[in-house]
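Whatever order the structure lists them in is the order used to number ligands and atoms, beginning at 1.
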Amino acid sequence: MTVTIARENAIAVVTVDNPPVNALSQALRQALVAAVSTLDADAAVKAVVLICAGRTFIAGADVGEFGKPPQPPHLPDVVATIEGAKTPWVAAIHGSALGGGLEVALGCAWRVAVPSASLGLPEVKLGIIPGAGGTVRLPRLIGPAAAVDLVTSGSPVGAKKAEGLGLIDAVVDGDLRAGAIAFANDIAGKARPQPVSSRAVAPVEAGFWEGAEKAVAGKAKREAAPLRALASVRKASETDFASAMAFERETFLELRGSEQAAALRHVFFAERAAPRPPELAGVTPRAIRSAAVIGGGTMGAGIAAALRDAGLPVVLIERDAAAVERGLANVRGIYEGSVKRGRIPQAVADERMAGVTGGDDYGLLADTDLVIEAVFEDLAVKRAVFERLSAVCRPDAVLATNTSYLDPDAISEGVSHPERFLGLHFFSPAQIMKLLEIVPTEATAPEVLATGFALARLLGKIPVRAGICDGFIGNRILKVTRAQAERLLLSGATPAAVDAAMRAFGLPMGPFEAQDLGGLDIAAFQRKAARERGETPFAPVADRLCALGRYGQKTGGGWYDYQPGDRAPKSSETVAAIIAEVAEGRAQRTWDEAGIVDAIILPMVNEATRILEERVALRAADIDLVKIHGYGFPRWRGGPMHHAEARGLSAVVAVLDRLAADGLAEPPSDSLRRAAEAGGFSVLAG
Ligand code: T1G
């Protein structure tokens, strides 16, 4: 890490260089304080430009230091030192000025940025609030309403918007260093603005804070930080600077040690590790300039939209002209929905659609870089698709299957140049869900696997490398969850109680509501295939429902009854009678929310340890990402594996032992017992 000072006549340029993102380590904080005293002692310096080397301005406090006690100089003091410097400082921003980086910029007398810069206070996404004056200076600079938006959402704003808010003083076109120096020369002779800390906060209209609290609570749900951030902005608007700073710091330090902050930090680092599997270090991916999707159903259309959203031209292939039209209509429907929800303007939807070519002629793919198959989940149908692709595509074209449950090794039998084949398992809706399970076969070449990860980056997806087994990582765990949910029904719980408990835990919906939404027939189809393989999937009630044609919302009834045109689930007497029949002779118990959550979540963890032991997943944190980004597991709980470690793996083993003794769960795996003895899952990593 270096902080260098250069002179451009009367302007001093302080350059921070702390790769990869100029995070505010203790050494950097120290060096900034030293730079203020050095430059204040030099009467020839009329203004100071603070600029950063590398890809970005200061991107915040060093998240890696969060688990340790804060070391002086503390960031609030660094910001106060810059604000109190005799010589005015100009922050010159490129990349992202985030968190502590923006707080340092707020301590400067002026702020300029290049048009592509973004500025924000993302702390709530880490389960904390700004801890160096962000919630106290921001309302003084841009007013309470804009400050509340920035602080409680954690979302950054672009330079133009920032200028409009008064967050920065100018947008600098061209070379930032030269532009900032020119700006500094210009202000050097002018009166200095009033330090932000001594400004008053603009008054708010009656009811503003109550309205803000309702809005923030609605979005934050069980996450604590957004409401605490709002309270800190309100405090800053209603008390003096020093008291508000003390309130903010106290809140920051309290949340910094919270379970939610630990969980969100875990996810932050997991999301940065997953796209870089060690086996791909130094491997160059193949270029992806064009793509095609075979199959225009729900998945195929979603994948086509995801590819278009990333700017790739897409060919959508179906079996005949009518199917092509249906497929194109499905893609068009996705964009029409986005326009209706205000996500994109009509012009963007039109441009995206214009980049999709429909056809039933595989010859259109003679020069396509990447083809993703998303046809019916039948081995013969898929093999036939790849036989045609092998005949028309370039030998180096990457061919991928989006299969959920079939074996990519089996699908790729007969594919020419099998090294260019892999599984790319998207989650529905594919244009929205972030998770992409990347499933190499025995033959997949490293650069083809790297191409799968490069595609994930291009699509803005979270890639997780998965080994081949029934359901890969996510759906394999889902099968366990569904079996567990039925075990609870047969021992005294109701679908409504199980779903309510899992929603209270933080899932977007419970296991039974989710099946009614997605359709029970899909899992029934998988169970049929599993039974043909000699397996014995546990779904005694679901099998009975499917035998009655109760597939969920689409048939007016599944686990729940539905009135025509109404998607609200109603408890079903038919289902209750079936449960009672199947449960005949089984021990019944009273289930409370905590007991339901344990009986659903901990078997997930147990199965996940088997997935780790079999190397189907590379690391426990990847499994957390699968559950968070593929199945809506609450991010602020860190994922099932983090949740289990935070709970204590010995306690997890004890609960599973008790459930197993009552026939309500599989016993803890040997891997889970080993991890409990070792105090963590890292003992299971490859
Ligand atoms: N601290 C430490 N390392 C960080 C970091 C941070 N704040 N941000 C990123 N990294 C590492 C990351 O782990 C990865 O490392 C590399 O940089 C590239 O990251 C007091 C308390 C800045 C928009 O929340 O949003 O300030 O894996 O892959 O896609 O009030 O990183 O290469 O070894 O994400 O170009 C607030 C979090 C902190 C910003 C760049 N700041 N970072 O995205 O690269 S709290 C944040 C980001 C705070 C104050 C409070 C992004 C980025 P490695 P990357 P990118």
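- Counting atoms of ligand 1 from 1 in the listed order, those under 4.0 Å from a heavy atom of Phe252 are 21 (C).
- Between Lys68 and Glu65, no side-chain nitrogen of the basic residue sits less than 4.0 Å from a carboxylate oxygen of the acidic one, so the salt-bridge criterion is not met.
- Closer than 4.0 Å to atom 50 (C) of ligand 1 lies at least one heavy atom of the protein.
- Numbered from 1 in the order shown, with element, the atoms of ligand 1 that lie under 4.0 Å from a heavy atom of Pro122 read 24 (O), 36 (C), 41 (N), 46 (C).
- Residue contact check: Gly100 has heavy atoms under 4.0 Å from atoms 26 (O), 48 (C), 49 (C) of ligand 1.
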| said: For Phe252 and Phe247: C-alpha separation, side-chain torsions, deciding distance, then whether ring pair (Phe, Tyr, Trp, His ring centres under 6.0 Å) applies. | reply: CA-CA 9 Å; Phe252 162 73; Phe247 181 85; over 10 Å; no

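- Heavy-atom proximity to Phe66, at under 4.0 Å, picks out these atoms of ligand 1: 21 (C), 45 (S).
- Listed by number with element, the atoms of ligand 1 under 4.0 angstrom from any heavy atom of Glu103 are 20 (C), 30 (O), 49 (C).
- The nearest protein heavy atom to atom 24 (O) of ligand 1 is closer than 4.0 Å.
- A donor-acceptor pair shorter than 3.5 Å can be found between the side chains of Asp240 and Ser243.
- Remark: ligand 1 and Ser96 share no N or O pair separated by less than 3.5 Å (distance only, no angle test).
- His643 has its ring centre less than 6.0 Å from the ring centre of Phe505.
- Closest to atom 5 (C) of ligand 1 among all protein heavy atoms lies Val21 CG2, 3.7 Å.
- Under the 3.5 Å distance criterion, with hydrogens and angles disregarded, no donor-acceptor pair is assigned to the side chains of Glu645 and His266.
- No more than 12 heavy atoms of other residues, nucleotides or ligands shown are found within 6.0 angstrom of CD on Glu213.
- By the 4.0 Å heavy-atom criterion, Arg256 is excluded from the residues contacting ligand 1.
- Between Val63 and ligand 1, a contact under 3.5 Å exists for at least one N or O pair.
- Within the structure, the closest approach of Arg276 to ligand 1 falls below 4.0 Å when heavy atoms are considered.
- In terms of N/O distances under 3.5 Å, ligand 1 is approached by Gly131.
- Protein heavy atoms are found inside the 4.0 Å sphere centred on atom 28 (O) of ligand 1.
- To the nearest 0.5 Å, the span separating CG on Leu102 from CG on Leu167 amounts to 5.5 Å.
- Shown in contact with Leu75 at under 4.0 Å from a heavy atom are these atoms of ligand 1, numbered in order with element: 20 (C).
- With 3.5 Å as the limit, one finds a donor-acceptor pair spanning the side chains of Glu248 and Thr135.
- Where the criterion is an N or O separation shorter than 3.5 Å, residue side chain and backbone included, Ala59 meets it with respect to ligand 1.
- Atom numbering of ligand 1 starts at 1 in the shown order; those under 4.0 Å from a heavy atom of Asp62 are 1 (N), 2 (C).
- For atom 7 (N) of ligand 1, the nearest protein heavy atom is under 4.0 Å away.
- Below 4.0 Å from some heavy atom of Ala61 lie the following atoms of ligand 1, by number and element: 1 (N), 6 (C), 7 (N), 20 (C), 21 (C), 26 (O), 38 (C), 48 (C).
- Inclusion of Ile128 in the set of residues having an N or O under 3.5 Å from an N or O of ligand 1 is not warranted.
- Within 6.0 Å of atom CD in Glu447, more than 12 heavy atoms from other residues, nucleotides or ligands are found, so the atom counts as buried in its surroundings.
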